[in-house]
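Within every chain, numbering begins at 1; the chains are lettered A, B, ... in the order of the sequence lines, protein sequences first and strands thereafter.
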There are 2 protein chains.
Amino acid sequence: MVKEEFKLDNQLCFRLYTASRLLTQAYHPLLSKYGLTYPQYLVLLVLWEKDAQPVNDIARRLLLETNTVTPLLQRMEKEGILTRAKGKKDGRQMIVSLTKEGKALQKKLADVPFTVGNAVVCESVTPKTFPDLFRMLDDIIGHLGGDT
Amino acid sequence: MVKEEFKLDNQLCFRLYTASRLLTQAYHPLLSKYGLTYPQYLVLLVLWEKDAQPVNDIARRLLLETNTVTPLLQRMEKEGILTRAKGKKDGRQMIVSLTKEGKALQKKLADVPFTVGNAVVCESVTPKTFPDLFRMLDDIIGHLGGDT
DNA sequence: TATATTTGCATCGCGAACGATATAAACAGA
DNA sequence: TCTGTTTATATCGTTCGCGATGCAAATATA
């Protein structure tokens, strides 16, 4: 018999990994309709909150490396969702701004949060228990260096 | 102002996605020492529990598609961690078995669950609250088709 | 038995993630 | 000012993750 700590059913990381994948898959049909991927949707969330940000700020907000975000932004630029322009103040920065089309996606995707929100609600995960789950996930993220 | 449901800080999926990535990163230094990735470690967990399984069973256990698992197993085969052999009962199946080296990794990685377990413990995530977190994640996974 | 369908696995293509490295702009100190 | 360092971004290579597709073995049906 394998030791308890090696059993798949006792792994927190496997649960997070699987839950993340499955929930991301729930977004897929809603986003692919507009040629978007889930990470691209995250970039839109960031830019809808605050337009015209340098690559670095977007990457930090998403806790991703710039070498992940740069190609992602390049693809979105090619799709006409955003523009990338050299910073005037600081020539090293690339300022990322939404195009008209990128802004318009907000209305087209208006139902996405609700659709996915409804899909995820189940026995022990409800609006009532969301704060508990959020707190635990935020603690994990903060603890593993997500706040640096 | 952007609507509440579009704020990054209100997204469950982004939290799961980030927590999953960061926790997986915590495994990285421990696994790369032996040339392993986290998904490869998951395959080992499955095979340590039950050796000599067809590709399909491994994929189902990890809730992954076979087109994800097959190349992963091929890489592990090339590393000498496991073998893949056509099934005798059913010629379509590929039976995946651990090599001596694959079995030996269990002892070499004995400290991994504890190291990562200690790393993740924080304010609201402790052995005491693990069951709550596990239940919520399992509900999400089961609800999103993870049991099919 | 001949044919159609299903099943198990593999291949291909693309978009993430990320470590390692490169490049140019900004900055700091002599 | 010249030079070394830091900072912001980009490029490259490898490994997932998965949709789409292909193929061969097994199974069902006529």
inquiry  = Tell me every residue that passes side-chain contact (heavy atoms from CB on, under 4.5 Å) with B:Ala26, counting only those two or more places apart in sequence or in another chain.
reply    =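 Checked B:Ala26 against side-chain contact (heavy atoms from CB on, under 4.5 Å); matches are B:Leu23.
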request  = Would you please name every residue forming a side-chain contact (heavy atoms from CB on, under 4.5 Å) with B:Asp9, sequence neighbours left out?
outcome  =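 B:Asp9 satisfies side-chain contact (heavy atoms from CB on, under 4.5 Å) with A:Arg61 once adjacent residues are dropped.
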Indicate yes or no: at least one non-hydrogen side-chain atom of [X] is less than 4.5 angstrom from one of [Y].
X	Y	result
B:Leu16	A:Leu16	yes
A:Leu62	B:Leu8	yes
A:Arg135	A:Asp132	yes

Trace of the side chain to side chain contact (heavy atoms under 4.5 Å, CB included) decision for B:Gln106 with A:Val2 = CA-CA 9 Å; B:Gln106 199 171 359; A:Val2 80; 3.1 Å; yes
task = State whether B:Tyr17 places a side-chain N or O below 4.0 Å from either non-bridging phosphate oxygen (OP1 or OP2) of C:dA17.
result =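 Yes.
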message = Strictly below 4.0 Å: does B:Gln93 bring a side-chain N or O up to OP1 or OP2 of D:dA26?
response = no
Could you state the atom-to-atom distance from [atom1] of [X] to [atom2] of [N] in whole Å?
X	N	atom1	atom2	answer
B:Arg84	C:dG8	CZ	P	17 Å
B:Leu62	D:dC18	CG	C1'	15 Å
B:Leu72	C:dA17	CG	C1'	15 Å
B:Lys89	C:dT7	NZ	P	17 Å
A:Leu16	C:dA17	CG	P	15 Å
B:Leu73	C:dA10	CG	P	8 Å
B:Leu63	D:dC18	CG	C1'	14 Å
A:Tyr38	D:dG17	OH	P	16 Å

key: Under 4.0 Å protein heavy-atom contact, by nucleotide of nucleotides 19-25 of chain C - B base, S sugar-phosphate only   = BB----B
message = Just to verify, what does B:Asp90 make a side chain to side chain donor-acceptor pair (under 3.5 Å) with, not counting sequence neighbours?
response =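 B:Asp90 satisfies side chain to side chain donor-acceptor pair (under 3.5 Å) with B:Arg92 once adjacent residues are dropped.
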request  = On DNA chain C, check which nucleotide each of B:Met94 and A:Gly87 is closest to and give me the residue with the more 5' one.
outcome  =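 Whichever sits nearer the 5' end wins; that is B:Met94.
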request  = Give A:Thr37 one of three labels, base, sugar-phosphate or nothing, depending on what nucleic acid heavy atoms sit under 4.0 Å from its own.
outcome  =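 Counting heavy atoms under 4.0 Å across all strands, the contact made by A:Thr37 is with sugar-phosphate only.
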key: Within residues 107-128 of chain A or reaching into it, pairs that qualify as salt bridge (charged side-chain N to carboxylate O under 4.0 Å, His left out) - sequence neighbours excluded   = none
task = Using the salt bridge (charged side-chain N to carboxylate O under 4.0 Å, His left out) rule, collect all pairs that involve residues 13-37 of chain B, keeping only residues at least two apart or in two chains.
result = A:Asp138-B:Arg15
Close residues, residues 39-54 of chain B, relative to DNA chain C [heavy-atom separation under 4.0 Å] = B:Pro54
inquiry  = Contact list please: residues 6-15 of chain B against DNA chain C, heavy atoms, distance less than 4.0 Å, in numerical order.
reply    = none
Look at the side chain of [X] and decide which nucleotide, out of [options], has an atom nearest to it.
X	options	result
A:Asn56	D:dA8, C:dC9, D:dT11	D:dA8
A:Leu64	C:dC18, C:dG15, C:dC9	C:dC18
B:Thr70	C:dA16, C:dT11, D:dC18	C:dT11

ask   = Taking five pairs at each end, how big is the angle between the two axes of the helix from C:dT1-D:dA30 to C:dA30-D:dT1, to 10°?
value =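 Roughly 10°, once rounded to the nearest ten degrees.
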Considering only distance and modelled atom types, tabulate donor-acceptor pairs under 3.5 Å from the side chains of residues 96-105 of chain B, sequence neighbours left out.
from: B:Thr99; atom 1: OG1; to: B:Gly80; atom 2: O; distance (Å): 2.7
from: B:Thr99; atom 1: OG1; to: B:Ile81; atom 2: O; distance (Å): 2.9
from: B:Thr99; atom 1: OG1; to: B:Glu101; atom 2: N; distance (Å): 3.3
from: B:Thr99; atom 1: OG1; to: B:Gly102; atom 2: N; distance (Å): 3.1

Enclosure of A:Lys3 NZ (heavy-atom neighbours >12, cutoff 6.0 Å) =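 Not buried by this count: 12 neighbours or fewer within 6.0 Å.
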ask   = Between A:Arg21 and A:Thr66, who's closer to the 5' end of DNA chain D by nearest nucleotide?
value = A:Thr66
query = Is there a donor-acceptor pair under 3.5 Å between the side chain of A:Tyr38 and the backbone N or O of B:Phe14?
reply =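 Yes; judged by distance alone, with no hydrogens or angles, the pair exists.
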key: Listed partners of B:Tyr34 passing ring pair (Phe, Tyr, Trp, His ring centres under 6.0 Å), at least two apart   =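 Per chain and number, B:Tyr34 pairs via ring pair (Phe, Tyr, Trp, His ring centres under 6.0 Å) with no residue.
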In residues 68-79 of chain B, what donor-acceptor pairs under 3.5 Å come from side-chain atoms, sequence neighbours left out?
from: B:Thr70; atom 1: OG1; to: B:Thr66; atom 2: O; distance (Å): 3.0
from: B:Glu77; atom 1: OE1; to: B:Arg84; atom 2: NE; distance (Å): 3.0
from: B:Glu77; atom 1: OE2; to: B:Arg84; atom 2: N; distance (Å): 3.4

query = Going by atom types alone, do B:Asn10 and B:Glu4 pair a side-chain donor with an acceptor below 3.5 Å?
reply =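 Their side chains do contain a donor-acceptor pair, which is all the 3.5 Å distance test asks for.
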